[in-house]
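Note that ligands are numbered from 1 as they come in the structure, with each ligand's atoms numbered from 1 the same way. Every heavy atom of this structure was used, including side-chain atoms; hydrogens, water molecules and symmetry mates were not.
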Amino acid sequence: MLILGIESSCDETAAAVVADGWQVKSNVIASQIALHAETGGVVPEVAAREHVIKIIPVIDKALKDANLIFEQIDAIGVTYGPGLLSSLVTGTTTASTLALIYNKPLIAVNHIYGHIYSNWLTFGSRPDAVKFPVLVLTVSGGHNELVLMRNYEEFEVLGRTRDDSAGEAFDKVARMLGLGYPGGPAISKSAQKGDSKRFNFPRVMLEKDSLDFSFSGLKTAVLYLVRDQAKPSKSFLNHVAASFQEAVTDILTEKVLRALRRYQAAEMHLAGGVSANLRLRQKLAEKLSKNFPNCKFKYPEDFNFCTDNAAMIAAAAFFKFQKYPQSFREWKNIEAKARLMDL
Ligand code: KG4
Ligand code: ZN
């Protein structure tokens with residue numbers, strides 16, 4: 001089954017074609033990073049206007065790269081939220097219009113569940129079947145969750161952030177350090193030259209058994225340290241970046257270990273923009289092989305599957321369609337298609 005995925009929830013306009021929920025036929029991403037670097041963050045109005053310009057060329061390229069014409073697509077999957085409303089409107093309106101014109105099923109996808117399915121994607125041969133239950137740590141700029149998946153489309157949220165997400169903390173700290181946008185890659189690069197033990201930032205773990213996250217205390221600790229420096233040296237900034245990255249990855253890793261002590265899981269998947277962080281991958285790999293050797297650790301195969309993309313949305317749409325096929329096939333009238341019913 002061929003699904004065209006469309007994603008426009010934040011600052012990437014993306015379209016992709018994925019077969020059967022795993023095989024990526026094309027993955028096109030028009031990034032707005034250069035545009036938002038000027039302002040040091042996403043300005044919703046600017047992002048929305050850029051989506052309007054890019055959405056059709058991006059979809060067109062995704063079909064061409066896959067060597068397909070629209071009639072050969074079986075269904076359309078689109079992100080309906082969470083995200084910036086003015087950005088989401090472009091993707092959902094385009095998707096519902098195309099679904100109407102070509103009479104295709106339209107499957108609305110939750111962006112976070114999209115990230116969860118990013119570990120299913122490959123450009124290569126068919127991956128091994130996933131073994132459930134799967135514990136997923138999904139960490140982005142906009143969200144930060146621990147989710148237990150007992151089967152396809154069966155999600156239980158075990159913990160979430162009480163303030164910022166880890167990605168947001170990376171972005172804000174990078175801004176404090178003058179490292180630019182987006183913060184995650186900038187901090188990782190700077191951290192490579194720094195000493196991660198130079199500053200002992202707080203690792204807020206909340207109540208003893210809590211699987212929730214909090215990063216605001218850590219962010220404030222960095223702010224207090226940095227604001228007292230009149231002219232911070234390059235090496236000072238590198239040490240702060242390294243020590244901050246160490247604290248964030250310690251918190252994320254400890255929460256995963258806590259969850260695995262409580263819930264049995266055959267696999268542990270890392271997803272979302274922060275899954276691109278090499279230190280986090282390394283730390284999780286070490287701790288899991290030591291403490292839970294039977295739990296298979298996975299992160300997205302391609303760096304483009306970590307940050308926002310439409311291939312993950314097409315994959316999530318596929319599994320949703322498998323579970324509720326009739327609901328989408330029966331969508332014959334305009335109102336039902338336009339309502340983007342969430343199942
Ligand atoms: O999933 P994503 O593209 O967008 C949201 O759904 O929010 O994630 C973007 C986030 C940003 O906060 C960015 O700083 C972070 O992912 N990120 C990273 C790295 N690459 C991107 N954080 C840490 N290390 C990285 N290498
Ligand atoms: Zn995302």
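Ring geometry for His115 versus His143: interplanar angle of 30 to 60°, hence tilted.
If you check the side chains of Ser190 and Asn238, you find a donor sitting under 3.5 Å from an acceptor. A donor-acceptor contact closer than 3.5 angstrom is absent between the side chains of Glu38 and His36.
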Tyr299 vs Asn277, side-chain hydrogen bond (donor to acceptor under 3.5 Å, both in side chains): CA-CA, chis, key distance, verdict = CA-CA 10 Å; Tyr299 44 81; Asn277 189 279; over 6 Å; no
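Counting heavy atoms from C-beta outward, Asn119 and Leu270 have side chains that stay 4.5 Å or more apart. Glu153 has its side chain within reach of Phe319: a pair of non-hydrogen atoms, C-beta onward, lies under 4.5 Å apart.
In this structure, ligand 1 sits under 4.0 Å from heavy atoms belonging to His111, His115, Ser140, Gly141, Gly142, His143, Gly167, Phe170, Asp171, Gly183, Gly184, Pro185, Ser188, Gly273, Val274, Ala276, Asn277, Thr307, Asp308.
Applying the salt bridge (Lys or Arg N to Asp or Glu O under 4.0 Å) test between Asp250 and each of Lys197, Arg279, Lys255, Arg203 identifies Arg203 as the sole match. The residue from Lys287, Lys208, Arg261 that alone fulfils the salt bridge (Lys or Arg N to Asp or Glu O under 4.0 Å) condition with Glu254 is Arg261.
Of all protein N, O or S atoms, those under 2.8 Å from the Zn ion (ligand 2) number 3.
In the hydrophobic clustering of ILVMFWY residues, with side-chain heavy atoms under 4.5 Å counting as a link, Val226 and Tyr181 come out apart.
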